[in-house]
Number of protein chains: 2
Amino acid sequence: MKLEQAIKSENFKSEVHKATLNILYTAWWLKTQGATILKQYGITHEQFNVLRILKGKHPESMCVRDIAGRMIERNSNVPRIVDRLELKKLVERNQSQIDKRETVIHLTPLGIDLLERSRQAMDAYHEAEIILSNEEAQQLNALLEKIRLKEK
Amino acid sequence: MKLEQAIKSENFKSEVHKATLNILYTAWWLKTQGATILKQYGITHEQFNVLRILKGKHPESMCVRDIAGRMIERNSNVPRIVDRLELKKLVERNQSQIDKRETVIHLTPLGIDLLERSRQAMDAYHEAEIILSNEEAQQLNALLEKIRLKEK
DNA sequence: ACCAAATACATGTATATACACCTAACATTA
DNA sequence: TAATGTTAGGTGTATATACATGTATTTGGT
């Protein structure tokens with residue numbers, strides 16, 4: 001679907017302006033699609049993201065700060081997302097012995113299992129629904145990074 | 001900044017997978033940048049979006065449903081966003097005389113003024129910070145729409 | 001060793017997102 | 001026109017986002 005239909009608007013100031021709205025809309029669409037899949041596993045997009053990040057260091061623990069630095073949406077409130085994962089027994093939280101200010105978090109076997117299953121479902125979705133060649137994806141990545149050129 | 005640095009991760013399953021994360025991250029980045037500007041005008045991104053949509057029909061009113069259909073993030077709770085705009089006297093809400101179920105909303109002079117000023121600031125930001133040629137923006141729009149090809 | 005500054009994380013508040021549910025008003029059709 | 005279904009939008013709840021503030025701990029200068 002063209003952006004014009006999606007947000008019922010035709011008057012964009014420029015192609016660049018349209019592109020910014022298109023990125024916001026496409027991100028919303030991707031999140032919504034992902035959320036539908038993740039719902040079957042009882043987790044949200046952000047919870048999935050934290051599990052994914054923890055898996056990167058597993059079986060080692062990670063502190064809240066390290067997780068936060070890897071989040072896609074950087075202002076996510078990691079302690080509270082971890083609260084919910086802990087309630088579902090997908091992660092465990094402990095005070096670090098080296099630095100007692102730090103809370104270190106690691107996946108439980110239940111967390112690993114749920115992550116693997118939900119990740120497979122997400123990958124399958126991407127393979128089935130997103131028809132983009134490798135070259136097109138590379139091009140897209142380059143253009144997105146060009147938009148963020150002045151990122152500090 | 002490359003996505004790899006931004007989210008401190010190197011292992012993407014594919015270029016397509018990287019592209020989806022890149023879209024989510026770029027959208028977050030654009031929203032954050034926009035929020036900084038809009039904060040000076042006392043409104044949020046979604047409130048700005050509603051004002052922008054209302055402007056499209058001004059001086060006519062629009063009902064909640066019409067606004068919702070034009071929102072970028074489609075599950076936005078329009079009645080509550082309108083609540084906040086109404087509190088700030090940027091819009092007025094009335095019951096429709098034609099269909100009494102409908103609430104029709106229109107911009108106040110204060111709302112128009114604030115929209116124009118904030119929109120200028122947003123446009124200036126885009127012009128200064130986003131260095132993308134018309135052709136590149138068109139290419140980007142085409143690629144994003146290709147990702148959403150199977151959108152229903 | 002002590003005190004000030006910095007750091008890590010928890011917590012509070014306002015807003016937004018996502019979705020379920022409710023009520024009033026309208027539309028349909030028997 | 002009464003009964004039924006549909007639609008509009010308001011409201012409740014859980015989660016997330018954005019940001020300010022509080023508290024314990026560590027660090028670094030003297």
Side-chain angles (χ1 to χ4, degrees), chain A residues 24-25 27-51 61-88 90-91 93-105, chain B residues 24-25 27-51 61-88 90-91 93-105:
Chain A
L24 295 175
Y25 178 73
W28 169 82
W29 184 78
L30 285 170
K31 277 207 254 187
T32 304
Q33 299 286 110
T36 308
I37 295 161
L38 293 175
K39 205 179 174 180
Q40 302 170 319
Y41 299 89
I43 55 173
T44 65
H45 214 276
E46 291 311 294
Q47 290 169 15
F48 176 74
N49 199 18
V50 169
L51 293 178
S61 293
M62 289 180 80
C63 70
V64 171
R65 190 186 145 73
D66 283 353
I67 297 171
R70 286 171 171 75
M71 294 296 281
I72 295 170
E73 320 226 337
R74 300 275 273 274
N75 289 318
S76 295
N77 206 327
V78 176
R80 273 191 280 235
I81 295 172
V82 172
D83 285 347
R84 278 148 207 150
L85 293 172
E86 203 181 16
L87 274 173
K88 286 181 269 208
L90 301 175
V91 304
R93 215 192 306 225
N94 290 102
Q95 190 182 45
S96 164
Q97 289 312 303
I98 300 135
D99 183 337
K100 286 182 180 166
R101 288 171 304 182
E102 286 185 357
T103 301
V104 293
I105 297 139
Chain B
L24 295 176
Y25 178 73
W28 169 81
W29 184 77
L30 285 171
K31 276 207 256 185
T32 305
Q33 300 287 110
T36 308
I37 294 161
L38 293 175
K39 204 178 175 180
Q40 302 170 318
Y41 298 89
I43 55 173
T44 66
H45 213 276
E46 291 311 293
Q47 289 169 14
F48 176 73
N49 199 19
V50 169
L51 294 178
S61 293
M62 289 180 79
C63 69
V64 171
R65 190 185 145 76
D66 283 352
I67 297 171
R70 286 170 170 75
M71 295 294 281
I72 294 170
E73 321 226 335
R74 300 274 275 272
N75 289 317
S76 296
N77 207 327
V78 175
R80 274 191 280 236
I81 296 172
V82 172
D83 284 347
R84 279 148 206 150
L85 293 172
E86 202 181 18
L87 275 173
K88 285 181 272 210
L90 301 175
V91 305
R93 217 194 304 227
N94 288 101
Q95 191 182 42
S96 165
Q97 290 312 305
I98 300 137
D99 183 338
K100 286 183 180 166
R101 289 171 303 182
E102 286 184 356
T103 302
V104 293
I105 298 138

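Letters go in sequence order (proteins before strands), and every chain restarts at 1. What's counted below: heavy atoms across the whole structure, side chains too, no hydrogens, waters or symmetry copies.
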Working to the nearest 0.5 Å, report the span between [atom1] of [X] and [atom2] of [Y].
{"X": "A/I37", "Y": "A/Q40", "atom1": "CD1", "atom2": "CD", "result": "7.0 Å"}
{"X": "A/I81", "Y": "A/N49", "atom1": "CD1", "atom2": "CG", "result": "8.0 Å"}
{"X": "A/L85", "Y": "A/T44", "atom1": "CG", "atom2": "OG1", "result": "7.5 Å"}
{"X": "B/E73", "Y": "B/K31", "atom1": "CD", "atom2": "NZ", "result": "3.5 Å"}

Inspect the surroundings of CZ in A/R74 and state if more than 12 heavy atoms from other residues, nucleotides or ligands are less than 6.0 Å away. yes

The side chain of [X] lies closest to which of these nucleotides: [options]?
{"X": "A/R80", "options": "C/dT11, D/dA16, C/dA16", "value": "C/dT11"}
{"X": "A/N75", "options": "C/dT17, D/dA16, D/dC19", "value": "D/dC19"}
{"X": "B/P79", "options": "D/dG10, C/dA10, D/dT17", "value": "D/dG10"}
{"X": "A/R65", "options": "C/dC9, D/dT17, C/dT17", "value": "C/dC9"}
{"X": "B/T103", "options": "C/dA16, D/dG10, D/dT17", "value": "D/dG10"}

Side-chain N or O of [X] less than 4.0 angstrom from OP1 or OP2 on [N]?
{"X": "A/R74", "N": "D/dA18", "answer": "no"}
{"X": "B/W28", "N": "D/dT17", "answer": "no"}
{"X": "B/T44", "N": "C/dT15", "answer": "no"}

Rounded distance in Å - [atom1] ([X]) to [atom2] ([N]):
{"X": "B/W29", "N": "D/dA18", "atom1": "CH2", "atom2": "C1'", "value": "18 Å"}
{"X": "B/I72", "N": "C/dT17", "atom1": "CD1", "atom2": "P", "value": "10 Å"}
{"X": "A/E46", "N": "C/dA18", "atom1": "CD", "atom2": "C1'", "value": "14 Å"}
{"X": "B/D83", "N": "D/dG9", "atom1": "CG", "atom2": "P", "value": "13 Å"}
{"X": "B/I43", "N": "D/dA18", "atom1": "CD1", "atom2": "P", "value": "16 Å"}
{"X": "B/M71", "N": "D/dG9", "atom1": "CE", "atom2": "P", "value": "14 Å"}
{"X": "A/Q33", "N": "C/dT17", "atom1": "CD", "atom2": "P", "value": "18 Å"}
{"X": "B/F48", "N": "D/dA18", "atom1": "CZ", "atom2": "P", "value": "17 Å"}

A/I98 backbone acceptor or donor facing A/S96 side chain under 3.5 Å: yes

Main-chain N/O of B/D83 paired to B/K88 side chain as donor or acceptor, under 3.5 Å: no

Students often get this wrong, so: under 4.0 angstrom with heavy atoms, is A/R93 touching a base, only sugar-phosphate, or nothing? sugar-phosphate

Residue mapping more 5' on DNA chain D - nearest nucleotide basis, B/E102 or B/A35: B/E102

Tabulate protein N/O versus nucleotide N/O from nucleotides 20-28 of chain C, keeping only pairs under 3.5 Å, one per line.
residue: C/dC26; atom: OP1; partner: B/K100; partner atom: N; Å: 2.8

side-chain hydrogen bond (donor to acceptor under 3.5 Å, both in side chains) with A/D99: of A/Q95, A/Q97, A/R101, only one passes, and it is A/R101

